[in-house]
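Take a look at the structure below.
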Amino acid sequence: MDECALIPAAPPVAVDNSDGAWTDLATVVCMSRRVIVSAAVIVIALLTGCAAHPPPSPTPSPRFTSEADAYEAAEDTYRTYVDALNAIDTAEPATFEDVFRLESGNALDDDKKTLSQYHADGVKIEGDAHITLMEPASITRSPLTVRLSVCLDVSKVTIFDTDGNLLSDPDRDDVQSATVTLEESQASPTGLAVLGTKGRDGDPKC
């Protein structure tokens with residue numbers, strides 16, 4: 001429906017349009033609306049047509065170009081991670097940071113809680129763990145997730161409470177058989193971070 005048809009009928013009112021002719025007020029109102037709408041459409045079209053389009057974001061280059069590279073980085077990450085665990089002094093929370101930098105997800109959340117509690121309770125950790133075996137297990141490309149089969153000798157590691165009572169399990173296996181899962185991480189200095197560790201059965205034997 002023509003917008004002008006919506007203007008209610010009224011006695012004509014003469015308006016001087018400055019060119020010697022006379023026009024009724026309803027026609028002037030209708031013409032003014034058409035001019036405003038047309039002007040708005042032109043401005044929007046100009047703004048849309050002239051707006052600068054942002055350049056496309058560059059596609060980041062993959063950090064690991066092959067499975068061999070990813071496995072090598074995963075092994076290096078886990079070695080560094082175990083060294084960081086061995087360097088923990090529960091009396092000095094600053095020593096936790098090297099561990100946290102190499103963790104993500106549940107591993108990071110759990111260790112932050114555990115180590116903070118150890119510090120608060122005066123728990124002490126003595127001795128070092130050592131990797132006796134580490135082999136590639138599986139890899140997922142998107143997102144990049146690497147799993148390693150690991151044997152970890154914890155026979156020299158003991159945990160004591162503030163009174164010197166033993167907290168670590170004396171009946172545990174000296175060598176722990178585990179699957180370590182690592183994921184790609186921009187925050188980690190190696191490009192991978194430990195996501196979790198769980199016990200495993202089967203080959204390779206520890």
Side-chain angles (χ1 to χ4, degrees), residues 62-64 67-140 143-201 203-206:
R63 187 162 186 170
F64 308 108
E67 289 190 4
D69 286 343
Y71 277 127
E72 183 178 358
E75 291 174 355
D76 289 343
T77 300
Y78 189 65
R79 288 190 189 94
T80 305
Y81 178 67
V82 172
D83 289 343
L85 289 172
N86 289 336
I88 283 176
D89 180 352
T90 53
E92 298 291 340
T95 63
F96 306 165
E97 295 303 320
D98 286 341
V99 174
F100 298 157
R101 273 192 285 270
L102 294 167
E103 292 182 319
S104 64
N106 290 336
L108 178 59
D109 293 341
D110 292 345
D111 279 352
K112 279 187 173 182
K113 293 175 184 177
T114 298
L115 292 175
S116 294
Q117 194 64 52
Y118 279 5
H119 172 69
D121 293 344
V123 172
K124 295 181 179 180
I125 303 174
E126 297 181 358
D128 292 344
H130 299 282
I131 300 168
T132 60
L133 180 146
M134 182 163 49
E135 293 183 2
S138 66
I139 188 168
T140 302
L144 180 62
T145 305
V146 182
R147 292 176 181 82
L148 301 173
S149 296
V150 170
C151 295
L152 189 67
D153 185 344
V154 295
S155 59
K156 303 298 183 183
V157 179
T158 49
I159 304 174
F160 301 93
D161 67 15
T162 189
D163 296 321
N165 298 310
L166 185 66
L167 296 179
S168 48
D169 184 0
D171 297 324
R172 72 188 177 192
D173 292 335
D174 286 343
V175 180
Q176 301 289 312
S177 179
T179 297
V180 180
T181 302
L182 304 96
E183 67 175 2
E184 193 164 12
S185 170
Q186 298 299 320
S188 168
T190 66
L192 291 171
V194 175
L195 183 61
T197 302
K198 66 178 182 179
R200 65 174 178 84
D201 296 319
D203 295 328
K205 303 291 186 183
C206 291

Closest non-hydrogen atom pair, [X] against [Y]:
| X | Y | answer |
| --- | --- | --- |
| V175 | C151 | CG1-CB, 3.9 Å |
| G127 | N86 | O-OD1, 4.5 Å |
| A178 | R200 | O-NE, 3.0 Å |

Which residues satisfy the side chain to side chain contact (heavy atoms under 4.5 Å, CB included) test with [X], sequence neighbours excluded?
| X | answer |
| --- | --- |
| S188 | L102, S185, T190, A193 |
| D109 | none |
| I125 | T90, Y118, V157, I159 |
| D110 | N106 |

Original post:
Got L167 and V123 here, is their nearest side-chain heavy-atom distance under 4.5 Å?
Top reply: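 In contact.
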What distance separates [X] [atom1] from [Y] [atom2], expressed to the nearest 0.5 Å?
| X | Y | atom1 | atom2 | value |
| --- | --- | --- | --- | --- |
| T77 | L148 | OG1 | CG | 9.0 Å |
| Y71 | E135 | OH | CD | 11.0 Å |
| K113 | L108 | NZ | CG | 10.5 Å |
| S138 | E67 | OG | CD | 10.0 Å |
| Y78 | L182 | OH | CG | 9.0 Å |
| Q186 | L192 | CD | CG | 10.0 Å |

**OP:** Check side-chain hydrogen bond (donor to acceptor under 3.5 Å, both in side chains) between E183 and all other residues, then give those that pass, not counting sequence neighbours.
**Re:**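 Only S104 meet the side-chain hydrogen bond (donor to acceptor under 3.5 Å, both in side chains) criterion with E183.
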Subject >> Residues which pass side-chain hydrogen bond (donor to acceptor under 3.5 Å, both in side chains) with D121, listed by chain and number, not counting sequence neighbours >> reply: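 Per chain and number, D121 pairs via side-chain hydrogen bond (donor to acceptor under 3.5 Å, both in side chains) with Q117.
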Original post:
Would you call the rings of F100 and F96 parallel, tilted or perpendicular, where under 30° means parallel and over 60° means perpendicular?
Top reply: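 F100 vs F96 ring planes: perpendicular.
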Original post:
T197 pairs by side chain to side chain contact (heavy atoms under 4.5 Å, CB included) with which of L152, T181, V180?
Top reply: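 When side chain to side chain contact (heavy atoms under 4.5 Å, CB included) is applied between T197 and each of L152, T181, V180, only V180 qualifies.
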Going by the salt bridge (charged side-chain N to carboxylate O under 4.0 Å, His left out) test, which pairs reach into [range], not counting sequence neighbours?
| range | result |
| --- | --- |
| residues 87-106 | D98-R101 |
| residues 150-179 | none |
| residues 73-84 | D76-R79 |

Subject >> side chain to side chain donor-acceptor pair (under 3.5 Å) pairs, two or more places apart, involving residues 143-152 >> reply: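 Every candidate side chain to side chain donor-acceptor pair (under 3.5 Å) pair involving residues 143-152 fails, so no pair, neighbours aside, qualifies.
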